[in-house]
There are 2 protein chains.
Amino acid sequence: MDVRTLCLGALMGGEATGYEIRKMFEDGTFSHFQIASLGSIYPALTKLTQDGLVTFVEHEQENRPDKKIYQLTQEGRRTFLRTLLQTRPAEDRYRSDILFMLTFAEEMPIELTEALIDEFAARHELMSQQIDPENTDKPAHQKSNAHDENGELKPGCCFVAGLGQAMCDATLKFIRENKQGLLDELKSRKTKKS
Amino acid sequence: MDVRTLCLGALMGGEATGYEIRKMFEDGTFSHFQIASLGSIYPALTKLTQDGLVTFVEHEQENRPDKKIYQLTQEGRRTFLRTLLQTRPAEDRYRSDILFMLTFAEEMPIELTEALIDEFAARHELMSQQIDPENTDKPAHQKSNAHDENGELKPGCCFVAGLGQAMCDATLKFIRENKQGLLDELKSRKTKKS
DNA sequence: CTATCATATATCAGTTCGATATAGTCAATC
DNA sequence: GATTGACTATATCGAACTGATATATGATAG
């Protein structure tokens, strides 16, 4: 799924600036299962404007560089929905340096192994908190995209969030139950070797 | 983690060709949490050879294009282990078109939503089977990297595999328990609207 | 008998990331 | 009262990487 399509999707929740779109992928609704950087979002928005799929209004008022608020056109909305129907979703891909490194646990000091596992757990703990769309810690001004016009939580988002949380919980549970066992095993191997 | 480091890691398990390294990331040991394509592996191996971190032996015997079997040098091995100690692991990143699309479940036909969920489940079912390093379905000639010189399963790999399986299981369980609920919710919203 | 798949290397266009530049506001810290 | 860092906001660019393609051949399946 290319950044153009992702931008259209981001704008399905209402108007936004390029910066706000990035935030949706950085901290917001989509952050846990899609990635897009500013370096790809801005060119994508330019292209989409040329193709008539989005329009923008410039707001100059604030002394700062002009703020371009983008919005889907009808054509853009139709194109996005058509893409959803026609696109065969790509394979999921998960990328984790920590898991890759843990693969070599035997070659590392045990303290590093433990630190990596703890880091992994901490990140998933944090993620679990961030995922919850009901979580009102977040500043209200942030466009959440998870709620529809009536402020109701969209069922699709709810499902996806629940799934994410289930995965986090499973990860944390596994670590609780297996971390010590791994460390013990590594220790006993080290002593056997020497 | 750049491809050079990934290649060094791949060669920690013993000698391999560029093609075999790709397989480790495509189907093999690392496939579920790291990605590397041929287009990046070959240049990386060339660079590593220049830097003296790997060496290769050309085997021409088979009528086919020369087969270059790469191997870590001592310097390469040391460099990799040093990298493990010094590198701050990057954030995990998960990318899923299916979850992104499901976010817009309300705007899609219910059949598509159901198909996407089923596809998601099927992929995780398959992944769960593939992950198991004990799984001997795989052709024996494949270098698994999950076993050490003595044929024993490496504890780090075992831990990572278990974690992956726990995540798959949690995903499948969540889908079993929540799929119908989502579909019902979507149906009731559609009828309410019309 | 002809696809298609698997092995194996190599190259390249296009996409994307990550860093950087610019620039103003605001809060905090020193 | 001054500097530092964080946030908003757009834009650009080099470096890295993916995915596709080319080449070559043997094996296997239809």
Which is true for Ile35(A) with a 4.0 Å heavy-atom rule: it touches a base, it touches only sugar-phosphate, or it touches nothing?
-> sugar-phosphate
Tell me: CG of Leu45(B) to P of dA10(C), nearest whole Å?
-> 9 Å
Ser40(A), nearest nucleotide to its side chain (from dC17(D), dT9(C), dC17(C)) = dC17(C)
Run the salt-bridge test on Lys190(A) and Glu106(A) with the 4.0 Å N-O cut-off and return the result as yes or no.
-> no
State whether Asp169(A) and Lys173(A) are salt-bridged, where the test is any N-O pair (Lys NZ or Arg NE/NH1/NH2 against Asp/Glu carboxylate O) under 4.0 Å.
-> no
Between Lys68(B) and Arg93(B), which has a closest nucleotide on DNA chain C that is more 5'?
-> Lys68(B)
Of the candidates dT7(C), dC17(C), dT10(D), the side chain of Ser37(A) sits closest to dC17(C)
Think Arg4(B) has a side-chain N or O under 4.0 angstrom from the OP1 or OP2 of dA15(D)?
-> no
May I ask you to check whether Phe33(B) and Tyr94(A) place their ring centres under 6.0 Å from each other?
-> no
Indicate, with a heavy-atom threshold strictly under 4.0 Å, whether Thr17(B) touches base, sugar-phosphate, or nothing.
-> sugar-phosphate
Taking the side chain of Pro43(A) as heavy atoms from C-beta outward, which of dT16(C), dA10(C), dT12(D) is closest to it?
-> dT12(D)
salt_bridge(Lys179(A), Asp118(A)) N-O dist < 4.0 Å | yes
Under 3.5 Å donor-acceptor, Thr103(A) side chain and Cys157(B) backbone | no
For the side chain of Leu38(B), starting at C-beta, report the closest nucleotide among dA10(C), dA6(C), dC17(C).
-> dA10(C)
Could you work out which one of dA9(D), dC17(D), dT9(C) sits closest to the side chain of Glu20(A)?
-> dA9(D)
Nucleotide dC7(D), atom C1' - distance to CG of Asp27(A) in whole Å | 12 Å
Nucleotide dT8(D), atom P - distance to CD of Glu26(A) in whole Å = 12 Å
With the threshold set at 4.0 Å, does a side-chain nitrogen-carboxylate oxygen contact exist between Lys23(A) and Glu26(A)?
-> no
Between CD1 of Ile21(B) and P of dT18(D) the distance, given in whole Å, is 14 Å
What nucleotide, of dA11(D), dT18(D), dA10(C), holds the atom closest to the side chain of Tyr42(A)?
-> dA11(D)
Spacing between Phe25(A) atom CZ and dC17(C) atom C1', to the nearest angstrom | 14 Å
Is Arg22(A) touching bases, backbone alone, or none of the nucleic acid, heavy atoms closer than 4.0 Å?
-> nothing
For the helix from dC1(C)-dG30(D) to dC30(C)-dG1(D), what angle lies between the axis at the first five pairs and the axis at the last five pairs, to 10 degrees?
-> 30°
Compare side-chain N and O positions of Lys23(B) against OP1 and OP2 of dA8(C) and report whether any pair is under 4.0 Å apart.
-> no
Tyr19(B) OH to dT23(D) P, in whole Å, measures 19 Å
Nearest-Å distance, CZ (Arg95(B)) to P (dC17(D))?
-> 15 Å
Taking NZ from Lys67(B) and P from dA10(C), how many angstroms apart are they, rounded to a whole number?
-> 14 Å
Would you say the side-chain atoms of Ser128(A) pair up with the backbone N or O of His124(A), donor to acceptor, closer than 3.5 Å?
-> no
Is the shortest distance from a Lys or Arg side-chain nitrogen in Arg95(B) or Asp92(A) to a carboxylate oxygen in the other one below 4.0 Å?
-> no
Assign Gly18(A) to base, sugar-phosphate, or nothing according to its heavy-atom contacts below 4.0 angstrom with the strands shown.
-> sugar-phosphate
Which nucleotide, dT9(C), dT16(C), dT18(D), lies nearest any side-chain atom of Asp2(A)?
-> dT16(C)
